[in-house]
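Structure record follows, encoded as structure tokens.
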2 protein chains.
Amino acid sequence: MNEDVKDLNLSVVKAFTLLDAFTMDKQEWGVRELAIKKGYNKSTTYRLLNTLESLGVLQKNDNDKYLLGLKLFELGNLVAIHKTLRKYSRTPLENIAREIKETVHFGVLDKNQVLYLNKTESPQGLKVSTQIGSYQKAYCTAIGKVLLAFLPEQKIAEYLKVVSLDACTENTITNPETLQKELQKIRAQEYALDMEELELGLICIAMPVYNNRGEVIASISVSGPSSRFKLENIESYISIIKKGAQAIEANMH
Amino acid sequence: MNEDVKDLNLSVVKAFTLLDAFTMDKQEWGVRELAIKKGYNKSTTYRLLNTLESLGVLQKNDNDKYLLGLKLFELGNLVAIHKTLRKYSRTPLENIAREIKETVHFGVLDKNQVLYLNKTESPQGLKVSTQIGSYQKAYCTAIGKVLLAFLPEQKIAEYLKVVSLDACTENTITNPETLQKELQKIRAQEYALDMEELELGLICIAMPVYNNRGEVIASISVSGPSSRFKLENIESYISIIKKGAQAIEANMH
DNA sequence: AAACAGTGTTTCATATAATGAAACGTTTTA
DNA sequence: TAAAACGTTTCATTATATGAAACACTGTTT
């Protein structure tokens, strides 16, 4: 059941493995520390970083540390996959954020995870913020649960077989049967809640976005701190999000 | 005066050279055609593409052609350079676009060229559209001329020494002295016009964005077809763009 | 001022891994 | 049915990526 043993170009694999070390939490790397982190030889790492720099894939900052470079910005903006979804979700997300005054996210399911395609941040100081292009566990996010809920039954079973439902907080649904019931509820009510299941203090509500064949292709969520996010507002949130979802659907057709 | 002869990892260089073939105009590539295009051996190209696919840097579409993959979307969104400018320009650009109803661009100078960091497209059917992350000649765009105009004198001289002012249209300024005078005028009036200098039928107006030390760090432009873009509207455009520029400046501080 | 940890960088012999021509499948076109 | 595309695999050859060690540079400590 393993991947075919392809003969990959190891230098290229290493280069991208190095790039994967650059995250929001750690944006800068020196030669030595990155070599240690990845278990590569110092010289090899030096030469790879040097090569990537000469290509504009990395660049050095004032402290001679490496940063992700503008070549990646350029290439990232050329990615065609989900481009129309990203483009047509922008304005509707902004409208939702303006009305609700909380952060709005937009994502799809990719490799059993939520892939965030777009967001508009809350104008408020205390706010949730997710990195566009990043991935998150599906089973403990509102967006993810919506996207799972509207998957074909067989795909859900497959998901539950492959993914282990590790607890992120005490509220995370870690039992497959409980999750199945939750997904059923979500299908019925057409929205999902995340009641601090991913992170304590963080509440989200998400709703589906359909294509013209009635299939769910994406999901919109609104996220806020539990201190502000009152359940009595849900009905109003739902109608605002629904309006946004319909705007995206209209744009796509 | 040449670069030091660095010893680069040739596989990595080749991999990114292949990636550079993926553009807006040509988003899909097969093994053979890309090998021919880049002058690489068929087998080598096959293995590199295969490697990039296994890393998520490329992916195959339904026709078994390669497309830029989501790994690049992920990495592109992690690029920290100019991130705050991109973030804080978004809403102001939208407001300008809403008022003027033409496409609004936002860019900086990078390696003697305009790098587009953000845009909001005109709601109208006939519109200009530039790829975010792409580069354009500075001397024949309104944004570029603004950014050049506010460069230190010495840098302008350097630019004129390095860059050859090739004509894009019959209106392109191809004479260095003429361009110097144009830049002087731009400094005085605090805006630049592109009167079909890059492309026939395309008119733009651009204004500077300052940092808190009074240096020009970016520029906003409004672009439209010459059929709609009337010079008598310039005064009104200027005040709207100026308001947007000030909004970005306020956001940045 | 000297020794000492930190860095990044270069060297060079060695082994590994990338290479390409050719042969092989597979699909599409004539 | 043949032919012409294409992607894929093979294998001997060659090139190049590799890593230990030495080197250079910087800032800190003694």
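By convention in this document, chain letters (A, B, ...) are assigned in the order of the sequence lines, proteins followed by strands, and residues within each chain are numbered from 1.
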Send over the distance from K37(A) NZ to dT7(C) P, rounded to a whole Å. 16 Å

If only side-chain N and O atoms of T44(B) are considered, is one of them under 4.0 Å from the OP1 or OP2 phosphate oxygen of dG20(C)? yes

For dT19(C), does OP1 or OP2 lie under 4.0 Å from any side-chain N or O of K14(B)? yes

Atom CG of L18(A) and atom P of dA17(D) are separated, to the nearest Å, by 15 Å

What I want to check is whether an N or O donor and acceptor connect the side chain of S11(A) with the base of dT16(D) at under 3.5 Å. no

Take atom OH of Y46(B) and atom P of dC11(D), then tell me their distance rounded to the nearest Å. 16 Å

If you find the nucleotide of DNA chain D closest to R47(B) and the one closest to W29(B), which residue's nucleotide is nearer the 5' end? W29(B)

Counting only distance, no hydrogens or angles, is the base of dA18(C) paired donor-acceptor with the side chain of S43(B) under 3.5 Å? no

For the NZ atom on K26(B), are there more than 12 heavy atoms of other groups (residues, nucleotides or ligands in this structure) within a distance under 6.0 Å? yes

By the 4.0 Å heavy-atom rule, please label K60(A) as base, sugar-phosphate, or nothing. sugar-phosphate

Are OP1 or OP2 of dA21(C) and a side-chain N or O of N41(B) less than 4.0 angstrom apart? yes

Could you check whether E33(B) pairs with K42(B) (Lys NZ or Arg NE/NH1/NH2 to Asp/Glu carboxylate O, under 4.0 Å)? no

On DNA chain C, nearest-nucleotide positions of Y40(B) versus V31(A): which is more 5'? V31(A)

Quickly work out the E33(B) CD to dC6(D) P distance and round it to whole Å. 8 Å

If we only count heavy atoms from C-beta on, is the L117(B) to S89(B) side-chain gap below 4.5 Å? no

For the pair F16(A) and F16(B), name the ring-plane relationship: parallel under 30°, tilted 30 to 60°, perpendicular over 60°. parallel

Nearest-Å distance for atom pair NZ/P, residues K42(B) and dG20(C): 12 Å

What integer distance in Å separates R32(B):CZ from dA22(C):C1'? 12 Å

Salt-bridged, E53(A) to K71(A), with N to O below 4.0 Å? no

How would you label the contact of L8(A) with the nucleic acid (heavy atoms, under 4.0 Å): base, sugar-phosphate, or nothing? sugar-phosphate

Distance check: side-chain N/O of N9(A) vs OP1/OP2 of dA18(C), anything under 4.0 Å? yes

Could you pick out which residue, L48(B) or D64(A), lies toward the 5' side of DNA chain C when each is mapped onto its nearest nucleotide? D64(A)

In whole angstrom, what separates N63(B)'s CG from dG7(D)'s C1'? 14 Å

What is the distance, to the nearest angstrom, from the CD1 atom on I36(A) to the C1' atom on dG19(D)? 15 Å

